[in-house]
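Remarks on the structure that follows.
All values below come from the heavy atoms of this structure, side chains included, with hydrogens, waters and symmetry mates left out.
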Amino acid sequence: MSRTVVVIGGGYGGASVAKALDQDADVVLIDPKDAFVHSAGSLRALVQPGWADNIFFPYGTLLSRGKVVRERAASVDPAGVTLASGERIDADYLVLATGSSYPYPAKMDTDSSTEALEKLRLTHKNVAGADRVLILGAGPVGLELSGEIKAVWPHKRVTVVDPAERLMPAFAPELRADLHRQLDSIGVDLRLGTALTAEPPFEPGEPGAFTVTTTTGDELSADLWFRAYGVNINGDYLSDGKVTTRTPQGQVRVTETLTVHGHDHIYALGDITDIAEAKMAGYAMQHAEVVAQNISAQLRGERPTATYRPSPVPSVLLPLGPNAGVGQVPSGEGPAVLPAEAVSEYKGTDLFVGRFNELFGVA
């Protein structure tokens with residue numbers, strides 16, 4: 001008798017595990033969006049609107065046997081899911097893969113791909129018309145956004161502000177040095193160790209000239225700004241505690257096999273887990289491989305043995321436009337820092353779009 005696997009969340013990890021189990025079980029993928037959004041390409045889509053269609057993939061091509069339910073989970077218990085509509089879906093196995101939200105444009109703030117495309121094109125016009133752009137947050141998202149803007153409009157003044165004293169402190173000094181060098185070479189004005197005394201008077205992405213003051217007393221003028229900080233875990237459907245008690249950060253405690261503590265048939269992956277590593281799409285897809293292997297083993301009546309252990313060396317591929325950027329990957333002797341050419345080859349040129357064309361079976 002076929003078993004039902006319900007996957008809550010159709011992002012990087014959820015879509016991958018649903019696809020991997022499609023032939024082995026009755027898979028139900030639950031997500032309120034009408035399409036998978038390849039968020040790693042959203043900043044490129046902002047500056048090159050003709051490229052924006054590349055980041056949306058219809059869920060209809062993902063599964064051949066299973067089904068996608070366009071809904072939002074309201075509650076989860078050990079036996080299944082209750083949707084916001086009140087509909088009940090029973091499950092033999094559950095996968096919690098709802099990820100996190102992040103300020104636009106790094107992640108879309110609508111469930112409609114049509115609306116998202118329209119907003120990207122409008123924001124593109126706003127950026128195109130701005131001589132000065134202010135970005136708050138010098139993490140990977142803020143830096144990548146600065147590089148994408150400079151790659152298309154090299155003469156725009158782009159300022160990045162962050163209260164941290166150092167860029168990406170968890171990474172190798174060589175990476176930071178190369179990052180500073182490249183940001184200097186493309187003309188990004190980087191202001192570390194300071195913050196704004198008040199937010200700009202306009203909403204992020206909305207045009208309007210303004211001047212703000214930093215905590216170090218400098219005045220910064222811009223015509224447009226973006227927020228590039230603030231991750232929020234998507235886990236409200238767990239707030240009733242029927243499955244688990246979340247950490248103070250809103251995350252779910254998982255075992256090495258990625259089961260939720262106390263349940264051998266409920267798994268979690270990606271940003272919602274308490275795994276001590278950066279919240280990145282690549283890691284979520286690695287989690288998905290472990291979860292799929294373990295559920296497949298259980299479906300065969302075997303004990304799940306696949307485990308996930310985060311690397312002690314953090315990884316990153318940080319493009320600064322199509323032809324620049326920095327990277328770090330683990331190697332046998334610790335971190336290996338990648339040159340801009342390698343980052344461009346691995347990610348910067350197409351931002352892994354080809355990988356998702358294959359996952360979703362589209363040309």
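- Side-chain contact of E118 with S112: a donor-acceptor pair under 3.5 Å is absent, judged by distance alone.
- Between the side chains of T98 and N234, no donor-acceptor pair of N or O atoms lies under 3.5 Å.
- Proximity of a side-chain donor or acceptor of K19 to a complementary backbone N or O of L62 within less than 3.5 Å is detected.
- Using a 4.0 Å cut-off between charged side-chain N and carboxylate O, D131 and K156 make no salt bridge.
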For this session: Check the pair F360 / F36 against ring-ring contact (aromatic ring centres under 6.0 Å, His included), numbers first and verdict last.
Result: CA-CA 9 Å; F360 284 84; F36 170 87; 5.0 Å; yes
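- Side-chain contact check for S64 and D22: at least one donor-acceptor pair (N or O, by modelled atom type) lies under 3.5 Å.
- A cation-pi contact, defined as under 6.0 Å to the ring centre and within 45° of the axis, links K119 to Y104.
- Checking E277 against Y308 by side-chain atom types alone, a donor-acceptor pair falls below 3.5 Å.
- Looking at L220, I135, T215 one by one, the single match for side-chain contact (heavy atoms from CB on, under 4.5 Å) with V161 turns out to be L220.
- Between the side chains of T244 and R246, no donor-acceptor pair is found at a separation under 3.5 Å.
- A side-chain donor from one of S113 and D34 sits under 3.5 Å from a side-chain acceptor of the other.
- Of the N and O atoms on the side chains of Q182 and D178, at least one donor lies less than 3.5 Å from an acceptor on the other residue.
- With a 4.5 Å cut-off on side-chain heavy atoms, L43 and P105 count as touching.
- If you chain together hydrophobic residues whose side chains sit under 4.5 Å apart, Y229 and M280 never meet in one group.
- E115 and T110 are linked by a side-chain donor-acceptor pair at a separation below 3.5 angstrom, with hydrogens and angles left out of the test.
- Electrostatic pairing of R70 and D31 does not count as a salt bridge here, judged by no charged N lying under 4.0 Å from a carboxylate O.
- In R300, the CZ atom is crowded: over 12 heavy atoms of neighbouring residues, nucleotides or ligands sit closer than 6.0 Å.
- By the neighbour-count criterion of 12 heavy atoms within 6.0 Å, atom CD of Q249 is densely surrounded, having more than that number from other residues, nucleotides or ligands.
- A donor atom on one side chain and an acceptor atom on the other are not found under 3.5 Å apart for T82 and S75.
- Residues V158 and F210 do not share a hydrophobic cluster, clusters being chains of Ile/Leu/Val/Met/Phe/Trp/Tyr side chains in contact below 4.5 Å.
- S100 and N232 share no donor-acceptor pair across their side chains, judged by distance under 3.5 Å alone.
- A donor-acceptor contact under 3.5 angstrom links the side chains of Y12 and H38, judged on distance only.
- Side-chain N/O atoms of T307 and T257 include no donor and acceptor closer than 3.5 Å.
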